[in-house]
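Structure first, then comments.
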Protein chains: 2
Amino acid sequence: MSPTPEPAPRRLVVVGGVAGGMSAAARARRLDESASIVVLEQSAHVSFASCGLPYHLSGEIESRDALLLHTPASLHAALALDVRTGHRVTAIDRAARTVAVATADGTYDLPYDALLLAPGAMAVRPPVDGLDHPAVHTLRTVPDLDALTARVAALPADRPRRAVVVGAGFIGLEAVEALAHRGLDVTLVELADHVLPPLDPELAPLLADELRAHGVALHLGVAARSVTTGADGAALVTLTDGTRVPADLVVVNVGVRPASDLARDAGLTLGATGAIIVDADQRTSDPHVWAVGDAVEVTHAVTGAVGPVPLAGPANRQGRRAADAMLGRRTTPQAPVLGTAIVRVFGLTAAVTGASQAALARAGIEHEVVRVHGGHHAGYFPGAQAVHLVASFAPDGRLLGAQAVGRAGVDKRIDVLATALRAGMTADDLAELELAYAPPYGAAKDPVNMLGFVAQNVLDGTMPQWHAADLDAVRATHLVLDVRTAAEHARGHLDEALHVPHTELRDRLDEVRAAAAGRPVAVHCQSGVRAHIATRVLLHAGLEARNLSGGWLSLVLTHPDLVRPLQGARS
Amino acid sequence: MSPTPEPAPRRLVVVGGVAGGMSAAARARRLDESASIVVLEQSAHVSFASCGLPYHLSGEIESRDALLLHTPASLHAALALDVRTGHRVTAIDRAARTVAVATADGTYDLPYDALLLAPGAMAVRPPVDGLDHPAVHTLRTVPDLDALTARVAALPADRPRRAVVVGAGFIGLEAVEALAHRGLDVTLVELADHVLPPLDPELAPLLADELRAHGVALHLGVAARSVTTGADGAALVTLTDGTRVPADLVVVNVGVRPASDLARDAGLTLGATGAIIVDADQRTSDPHVWAVGDAVEVTHAVTGAVGPVPLAGPANRQGRRAADAMLGRRTTPQAPVLGTAIVRVFGLTAAVTGASQAALARAGIEHEVVRVHGGHHAGYFPGAQAVHLVASFAPDGRLLGAQAVGRAGVDKRIDVLATALRAGMTADDLAELELAYAPPYGAAKDPVNMLGFVAQNVLDGTMPQWHAADLDAVRATHLVLDVRTAAEHARGHLDEALHVPHTELRDRLDEVRAAAAGRPVAVHCQSGVRAHIATRVLLHAGLEARNLSGGWLSLVLTHPDLVRPLQGARS
């Protein structure tokens, strides 16, 4: 809440007419019918569905008009907003409280009492020679979409059409899917060693398998070096490992950076990442200027890291808060950002919330990792799909982050976990969550409850665990004990593992003890449930024992050389 | 945490081998390999999927074996449990710490150090003459299912087969769906004036329409009076309004009561509802006896009401907690029950969490009701389905309860809201939830965020609202202003409403003022979004104005005489 509300400003100027900017303008009008509200948008489009662009490229959203949620005329009719497209703000005169505006017809100065900057982000241009090749596209704006759609439509239908997508982030993956839906042969190039870099490496192989199953060629751990024209007149993308990939079109999406030049030139304070620094009310270092969206610096709720986060949800809520603040109203406390995000990759869904294991490691935050491969609904109800869940917990039990991949129910679990994270919930709290259960929808012990149960057991020492990433070290020092059924064992196992089905373990303890020969025992089953029982039996027998977190399913994700992961298989 | 851990008991006896009882036995074994654990189950089945019974009746779960998750043999092999089916406990000798057990072969006494009662609930027999008619069934146990399945299979296929289901609660609705899937003509009889009594009346018409659309005949507000044999030899169900419905089979599910006779006879303290009173560790009034599941009294998290809640999720978690407590371990604080529940009704899903409006009224808890008819994913992405959400908030913003009906995304929203309820979240918190957004999964402003936004506006006075339930009083005292489009207006409207599309309102204010003639203005649109803008315009113009909560969609749900609700239509 503003401690000393000022008189409401009469003239509001908003720079940027998508997501955050338009949310602010609409909220401001609803709060103040008498204010003058001008929205300046440099492009030809306002309030377009940025996140929908790949789905029009794919053809799934048939009408381009569906993406254009509003026009200046509809916004004037509904909200009495003065929306000016093709008007670019070139400078801010903070002393005079005016912005300089350039249009096709000339320039003008526009005075403001309160100024909101919602300039968004711009595509990063990677260090690739030939990015100005006419076959090279990006996918952030409506003109980008139009150009890409036109190029796809112009390609001959009588021969294979080839696309190269550079960058396997969220938008890159959506572009891959869209182009594949359109029938193109797609090659995906990613500098990181796995697709979707915000995802920790361990679940990424599920996405890679899904991409390959849909005919996508993957080049991981390499970058594009140049785009040239090949002998056949098409583009030729040369990778840093020397590979050459011919392409009828190239889509480059390797990330964005804050469009903060205007703010910087006006002397507003920027952070180290180049994003505009704002307070809890979205106010910049100038008390008459606010900022929202992809261009502002936010604090990560878990790691405390600061930087821009280009997500539509936070942008919209920041816009709403900025409107409240500009008009001197009570504002809701700005919640630090969780970075919740989701992407569809053909039949799979991948989603993240909170801190990844990599981010926790970078921030030096102590944590335990817990894995559950649970059914998206009751296993006895037909059609249950595996939800592969990985979550991190602080030693005091606090949830720090979660990631999930699967064919159904992933969005629900990540939304529940994002809500739990926002509330500061612990493993105990997750165990006690009372989620909706009937066989078509979930389980009496939902995978989210299971995360809580497992984390409780890990954190209080009931279940010591080991991790697939440590396989080499564990093999060298432990007896590996496989407690799965004979059938599961026959489908793939570690050569040196002693195989004792968990139902026979109590009768064969002497055999295990002899094989261990004083070494600790590294137990595993398929997903971790049966090996938990086995670990407890061994501990009670006086052996040192630990359970493989996530079981064989996690082992083969981390070591795909062992066997291709069997998606959908569960213990 | 137990303040003074006692030595772990060596002999654990569990009475009841489903859900809570079996969760306790399994957890106890994982914690203590050396304890003797005996599970006494009076029926022939343990650990069966009680919630799955209707889905085997329907044929959706093909194999009956799929419902039998474990057998005494599998539980012995995996967990070294001594599971005895067909063993009924007839008495507890608390002084001697023994239970008396009756079997087909005789009786015996079994000593315990710790006794867990998980007797569950039993079907209430409603006051209907002729309940012993051979056509009358219930659906709670495997033998119930077998009898019902056998009867359906025995019916002639060459004529219409008729079922009457008495009781439209969760299991009743599942039975209706199952029998309809089997091709029977189903008549549903419910004493309340709407189906699914735990749901507040306003969303129930969506379910009633769905039932009728699938050929189910509804008799609401009446009870069954008698079951007799008709002239054709089939059963004849006579209702309290005199209606006679012939039936080849009758399924009666009008609720359950705690199976607490054993506990009562042993002198354990019961509550006013007949359920066993337990402490936060599930301990009864006897320090050596614990109890879990449908037979124990729990406290409702919102209303503070005490009584049994027959839900699988809480039962399982209580079992886990009881095992920890019996073995002297740290227990998680028992969370009061939210009553989260969900049911599929053909293509619709209905779900509830927290307190209903009716429960809040009974408890005298002040609250504001907020309604959102939002898309289950972005409206511009094909296939968006309406999620009809109703939520109640305390004056301080705290979420008190939520209900939802729709064709997709209902389970996700109720699970998020159940998590928010558990965390004590407010409208501000819901507004700030950072849920996963990509067009196939949600919206940048998810319906749950929208609930928060609307509640903020209602609670801080930005948006005064009126409710469909008050239509008659409002019509008598207000100008009703319909701000929808001409096309929407043409499809159905209140005769006396002044129709001014929201885009014309600012230019036609004088017309509205004249029509109001000093009366306040009751605005509405289709779902509440545009009328919010209009309400703000009117308030600024000095008129007293309020917005219809949930708009025309909520109005026609409450007053189905106005027009049949258009499911899926959204503003």
Side-chain angles (χ1 to χ4, degrees), chain A residues 30 33-34 49 51-52 55 60-61 66-67 77-80 312-314 316-317 330 332 335 337-338 340-344 351 378 380-382 411-412 414-416 418-420 422-423 425 428 431-442 444-445 460 502-503 506 532-533 536-537 540, chain B residues 30 33-34 49 51-52 55 60-61 66-67 77-80 312-314 316-317 330 332 335 337-338 340-344 351 378 380-382 411-412 414-416 418-420 422-423 425 428 431-442 444-445 460 502-503 506 532-533 536-537 540:
Chain A
R30 292 193 302 265
E33 181 67 15
S34 64
C51 301
Y55 300 94
E60 203 164 352
I61 297 175
L67 300 175
L79 289 160
N316 283 324
R317 288 188 291 276
R330 176 190 85 106
T332 55
V337 167
L338 300 173
T340 310
I342 192 166
V343 65
R344 191 184 69 185
Y380 62 80
F381 192 80
D411 56 332
K412 177 162 81 171
I414 286 294
D415 277 359
V416 167
T419 306
R422 175 67 84 221
M425 283 185 168
D428 285 353
E432 287 293 324
L433 281 183
E434 199 186 317
L435 304 173
Y437 166 50
Y441 302 100
K445 294 169 183 165
D460 71 10
H502 81 298
T503 51
R506 289 180 180 84
H532 170 42
I533 301 172
R536 294 295 303 171
V537 170
H540 181 261
Chain B
R30 292 193 302 266
E33 181 67 15
S34 63
C51 302
Y55 300 94
E60 204 165 351
I61 297 175
L67 300 175
L79 289 160
N316 282 324
R317 287 188 293 278
R330 178 191 81 106
T332 55
V337 167
L338 300 172
T340 309
I342 192 165
V343 65
R344 192 184 71 184
Y380 62 80
F381 192 80
D411 56 332
K412 177 162 80 170
I414 285 296
D415 277 358
V416 167
T419 306
R422 175 68 81 221
M425 282 187 168
D428 286 352
E432 288 294 322
L433 281 183
E434 199 185 318
L435 305 173
Y437 166 50
Y441 303 100
K445 294 168 183 164
D460 71 10
H502 82 296
T503 52
R506 289 180 181 84
H532 172 42
I533 301 173
R536 295 294 304 170
V537 170
H540 181 260

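Quick note: numbers below take in every heavy atom, side chains included, and nothing from hydrogens, waters or symmetry partners.
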Next item on the list: Taking Arg317(B) for its side chain and Leu433(A) for its backbone only, find out whether a donor-acceptor pair lies under 3.5 Å.
Entry: yes
Note to self: Given heavy-atom pairs under 4.5 angstrom as the criterion, report whether the side chain, backbone, both or neither of Ile414(B) touches chain A.
What the structure shows: side chain
Note to self: Which atoms of Val416(A) are under 4.5 Å from chain B, going by heavy atoms: the side chain, the backbone, both sets, or neither?
What the structure shows: both
Margin query: Looking at every non-hydrogen atom in both residues, tell me the closest pair between Arg330(A) and Asp428(B) and how far apart they are.
Written below: NH1-OD2, 2.9 Å
Item checked: Closest non-hydrogen atom pair between Ala436(A) and Asp415(B), with its separation -> N-OD1, 2.7 Å
Next item on the list: Please look at Val343(B) and chain A and tell me whether the side chain, the backbone, both or neither of the residue comes under 4.5 angstrom of a heavy atom of that chain.
Entry: backbone
Item checked: Heavy-atom closest pair, residues Leu338(A) and Glu434(B) -> N-OE1, 2.7 Å
Next item on the list: Give, for atom CZ of Phe381(A) and atom SG of Cys51(B), the distance between the pair rounded to the nearest 0.5 Å.
Entry: 12.0 Å
Item checked: Which atoms of Tyr55(A) approach chain B - backbone, side chain, both or neither, heavy atom under 4.5 Å -> side chain
Margin query: Could you report the tightest heavy-atom contact between Tyr380(B) and Ala66(A), atom names first, then the distance?
Written below: CB-O, 3.3 Å
Check: With the threshold set at 4.0 Å, does a side-chain nitrogen-carboxylate oxygen contact exist between Arg422(A) and Glu432(B)?
Finding: no
Margin query: Please report the interatomic distance CD1(Ile533(B)) to CG(Leu79(A)), rounded to the nearest 0.5 Å.
Written below: 4.5 Å
Margin query: Nearest 0.5 Å, please: how far is CG in Asp411(B) from NZ in Lys412(A)?
Written below: 3.5 Å
Check: For the candidates Ala49(A), Pro314(A), Ala341(A), which exhibits the highest count of non-hydrogen atom pairs separated by less than 4.5 Å from chain B?
Finding: Ala49(A)
Note to self: What part of Ala80(A) gets within 4.5 angstrom of chain B, counting heavy atoms only: side chain, backbone, both, or neither?
What the structure shows: both
Checklist line | Part of Arg506(A) lying under 4.5 Å from any heavy atom of chain B | finding: side chain
Next item on the list: Determine the minimum heavy-atom distance between Asn316(A) and Ala444(B), stating which atoms define it.
Entry: ND2-CB, 3.1 Å
Check: Out of Ala77(B), Ala420(B), Ala438(B), which one racks up the most heavy-atom pairs below 4.5 Å with chain A?
Finding: Ala77(B)
Note to self: Show the nearest heavy-atom pair for residues Ile61(B) and Pro382(A), with the distance to one decimal.
What the structure shows: CG1-CD, 3.7 Å
Item checked: Top of Ala312(B), Ala423(B), Pro440(B), Gly313(B) for chain A proximity - count of heavy-atom pairs under 4.5 angstrom -> Pro440(B)
